[in-house]
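FYI, side chains are in, hydrogens and waters are out, and symmetry mates aren't considered; it's all heavy atoms of this structure. Predicted, not measured: the structure shown is a model, and the values here were computed from it.
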Number of protein chains: 2
Amino acid sequence: MNIKEVAKLAGFSKSTVSRVLNDSPLVTKSTRKKVLDVIESVGFFPNYVARSLKIKETKTIGVIVPDIGNPFYFEVLRGIEKVLDKKGFNIMLCNSEYNEKKELRYISLLASKKVDGIIVAPSSEKSNGIKNLFTWNIPFVIFDIPQKKLKTNSILVDHSQCSYMATKYLIENGHKNIVVIDAFRPPGFKSKFILGYLKALNEYNIPINPEFIREALPDIVGGYSTIKKLITQKLYFTGVITICDLAAVGVYKAANKFNFKIPNDISVVGNDDIPLAKYLNPPLTTIHQPKYLLGYKSAKLLLSQIQNKKHNDIKVMKLDVKLIKRCSVKRRLENAD
Amino acid sequence: MNIKEVAKLAGFSKSTVSRVLNDSPLVTKSTRKKVLDVIESVGFFPNYVARSLKIKETKTIGVIVPDIGNPFYFEVLRGIEKVLDKKGFNIMLCNSEYNEKKELRYISLLASKKVDGIIVAPSSEKSNGIKNLFTWNIPFVIFDIPQKKLKTNSILVDHSQCSYMATKYLIENGHKNIVVIDAFRPPGFKSKFILGYLKALNEYNIPINPEFIREALPDIVGGYSTIKKLITQKLYFTGVITICDLAAVGVYKAANKFNFKIPNDISVVGNDDIPLAKYLNPPLTTIHQPKYLLGYKSAKLLLSQIQNKKHNDIKVMKLDVKLIKRCSVKRRLENAD
DNA sequence: ATGAAAGCGCTAACAC
DNA sequence: GTGTTAGCGCTTTCAT
């Protein structure tokens, strides 16, 4: 069943049917009714892929995240869905798994499928996929991971601010031997998360121990295996900050496994404040990130870019974070070490 | 840039270009190379919406879930993505919010966008959207929520088995006043989850208290407000089973708010075993559901339906669940009540 | 207000 | 092995 058959049944031409489908004002009430009646009776619905081919607009947005299993991205997704649904857009969801190849493949696919725009949390700070988006002239906005030497529409959070606040809080609670678990970064890249950590250490004149600076996958396994290594290496530390709450959960798991108590033996502060963070055992002290808003703003920005067709004025927005004190950090006596 | 321009540049016809794009064996190595060279040099990529229009296949699957914020669905989604990505399909993700209207709207939209198939966790046991999928002859599979009086491809878990096991475990630990927090069900519908609960109660000759049978949104707020109501009504109960772990977290929250201790004052067993369940405070005793597998099998089944084009042989598969004993249930003395 | 016709970018008979 | 052509289902000028 297509527009042509409907036209025949209604006794009008394709054009007229198309017009009523698109709420054109140039159709009489009576003919509109007749057409609508046959549409109703035969259960016709238009073929949007044909429509998209013609009008060059698919009303779908690609969303690429690095880990579909991380609650952080779910929250962002909720914000994205909220605004996109209201405007009649669909989401094509892609999971890059922090794999640049896969990310690139998805970007090409989305380009071929002619999505109207893309929202992406890049797999790293130097993503070739992102560069392609530029050259292909596809509207897009980035969130969470800014791109090195590339000015793009982005909704961000200051990761150095996160780690700075986390580290400072630990220091002020008497910790000196603080481990930082960062995400994997591109070779030679100065991680903002590490920078904030270093800044706090410097401010308090605490010596830097390179052994304490670690990279891992930002998930439970990553946090777990990092701490496991540290413990088996017999490194002494009392505090840990992590790139995300999931990694902090990994720290919990490792602590449990090796009979360290949190926060008594190991204090930890996470980053992002996933919905379940406050229900963990113990409730996780963490840096709250406005996840829903991150998604909401990203979608809004993308939509405005698509409508205005002005790719020239690029917008970068930084959202505020804040420290949420719960129970995973213990105050230590001064000079305990 | 399109196939025609590429053809001109390469000195061949559209068909030849199309053939190399589709790896047809009917092109000489040399012409293939020439064509590939210009494709490379001009950075051409094919328009899949035109392709889809022609071949009537979009290589995209619609996935509809009722709550994009519930980790249960994330895990399922991971399983779906795994198989779909391998076969070159994209996912169009839709969030019905347990709203039948919204679900129906999404289903129509997906139909118009000509997705090759749909995987859906229905918003309820009587979903009109699902009926449409039948009449529109779109390949689909259902998971989690079976449809009343409708035989469809489905990958399920026996919800009565879940509640039966949970209730029985509570009873065997000395509990008699057990609250069940179910999801909202259609008017007049006999919930399997309630049935399993009742069955366990009957087996142990425990009287049924209708006040203990509750419906709520399957999330933290739902669990929280249900328990809050119960407590302010001064109802006496020592055990709770919930339709999902998120609702159990809501129970935790309410208990905390009103100074009840878990498991000492209130014992709770959840359902589905989300990844963070074991890290909650206290670790949640729950019924484990094979979430990843649910998604994996659903996607596999859908793909096989799409390929075979046999809509006649409908497959229903039930996956096993199991009780995971953690720390949210306390053993009570016999005859304590 | 309605219809005829061209065309979006691709694929697939069919012809050579 | 390659080209010609028709057509997928729609929108949109341009006539009338």
(request) Mind checking side chain to side chain donor-acceptor pair (under 3.5 Å) for A:Lys114 and listing every partner two or more places apart, or none if nothing turns up? (result)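 In terms of side chain to side chain donor-acceptor pair (under 3.5 Å), with neighbours along the sequence ignored, A:Lys114 is linked to no residue.
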(request) List for me each residue that meets side chain to side chain donor-acceptor pair (under 3.5 Å) alongside B:Gln289, sequence neighbours excluded, and say none if there are none. (result)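 Partners of B:Gln289 under the side chain to side chain donor-acceptor pair (under 3.5 Å) test: B:Asn271.
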(message) Under the rule for salt bridge (charged side-chain N to carboxylate O under 4.0 Å, His left out), what residues qualify as partners of A:Arg32, not counting sequence neighbours?
(response)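 In terms of salt bridge (charged side-chain N to carboxylate O under 4.0 Å, His left out), with neighbours along the sequence ignored, A:Arg32 is linked to no residue.
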(message) I'd like to check the salt bridge (charged side-chain N to carboxylate O under 4.0 Å, His left out) partners of A:Lys34; sequence neighbours left out, ordered by chain and number.
(response)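 Result, salt bridge (charged side-chain N to carboxylate O under 4.0 Å, His left out) vs A:Lys34: none returned.
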(request) Give me the first and last nucleotide of DNA chain D, going 5' to 3', that has any atom under 4.0 Å from a heavy atom of chain A. (result)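 From 5' to 3', the first and last contacting nucleotides are D:dG9 to D:dT13.
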(request) Under the side-chain contact (heavy atoms from CB on, under 4.5 Å) rule, collect the residues that match up with B:Ser24, sequence neighbours excluded. (result)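 Counting only residues at least two positions away or on another chain, B:Ser24 forms a side-chain contact (heavy atoms from CB on, under 4.5 Å) with B:Arg19, B:Leu26.
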(request) Between protein and nucleotides 5-12 of chain C, map the contacts as a letter string: B base, S sugar-phosphate only, - none, heavy atoms under 4.0 Å, written 5' to 3'. (result) BBBBBBBB
(message) Per the side chain to side chain donor-acceptor pair (under 3.5 Å) rule, what does the pair list look like for residues 57-70 of chain B, sequence neighbours excluded?
(response)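 Matches after skipping sequence neighbours: B:Thr58-B:Asp116.
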(message) By the salt bridge (Lys or Arg N to Asp or Glu O under 4.0 Å) test, which pairs, at least two apart or in different chains, include something from residues 4-18 of chain A?
(response)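 Applying salt bridge (Lys or Arg N to Asp or Glu O under 4.0 Å) to every pair that reaches into residues 4-18 of chain A, excluding sequence neighbours, yields nothing.
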(request) Output the residues of residues 26-36 of chain A in contact with DNA chain C, where contact means a heavy atom of the residue under 4.0 Å from an atom of the strand; sort by number or write none. (result)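 The stretch gives A:Leu26, A:Val27, A:Thr28, A:Thr31 as the residues lying under 4.0 Å from the strand, ordered by number.
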(message) Looking at B:Lys291, I'd like to know if its NZ atom is crowded, meaning that more than 12 non-hydrogen atoms belonging to other residues, nucleotides or ligands lie closer than 6.0 Å.
(response)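 Check passes, neighbour count above 12.
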(message) Would you say that more than 12 heavy atoms from the other residues, nucleotides or ligands in this model lie under 6.0 Å from the NZ of A:Lys102, or not?
(response)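 Yes.
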(request) Rounded to 10°, tell me the angle between the two end axes of the helix from C:dA1-D:dT16 to C:dC16-D:dG1, each built from five pairs. (result)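 That helix has its two terminal axes inclined by roughly 40°.
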(message) So, taking the atom named CD1 in A:Ile107 and the one named CD in A:Glu100, what distance separates them when rounded to the nearest 0.5 Å?
(response)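 Between atom CD1 of A:Ile107 and atom CD of A:Glu100 there are 9.0 Å.
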For residues 40-51 of chain B, tabulate all N or O donor-acceptor pairs below 3.5 Å that involve a side-chain atom, not counting sequence neighbours.
from: B:Ser41; atom 1: OG; to: B:Asp37; atom 2: O; distance (Å): 3.4
from: B:Ser41; atom 1: OG; to: B:Val38; atom 2: O; distance (Å): 3.0
from: B:Asn47; atom 1: OD1; to: B:Val49; atom 2: N; distance (Å): 2.8
from: B:Asn47; atom 1: OD1; to: B:Ala50; atom 2: N; distance (Å): 3.1
from: B:Arg51; atom 1: NH2; to: B:Asn22; atom 2: OD1; distance (Å): 2.7

(request) Determine whether the side chains of B:Asn95 and B:Tyr106 contain a donor N or O and an acceptor N or O closer than 3.5 Å. (result)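 Their side chains do not contain a donor-acceptor pair, so the 3.5 Å distance test is not met.
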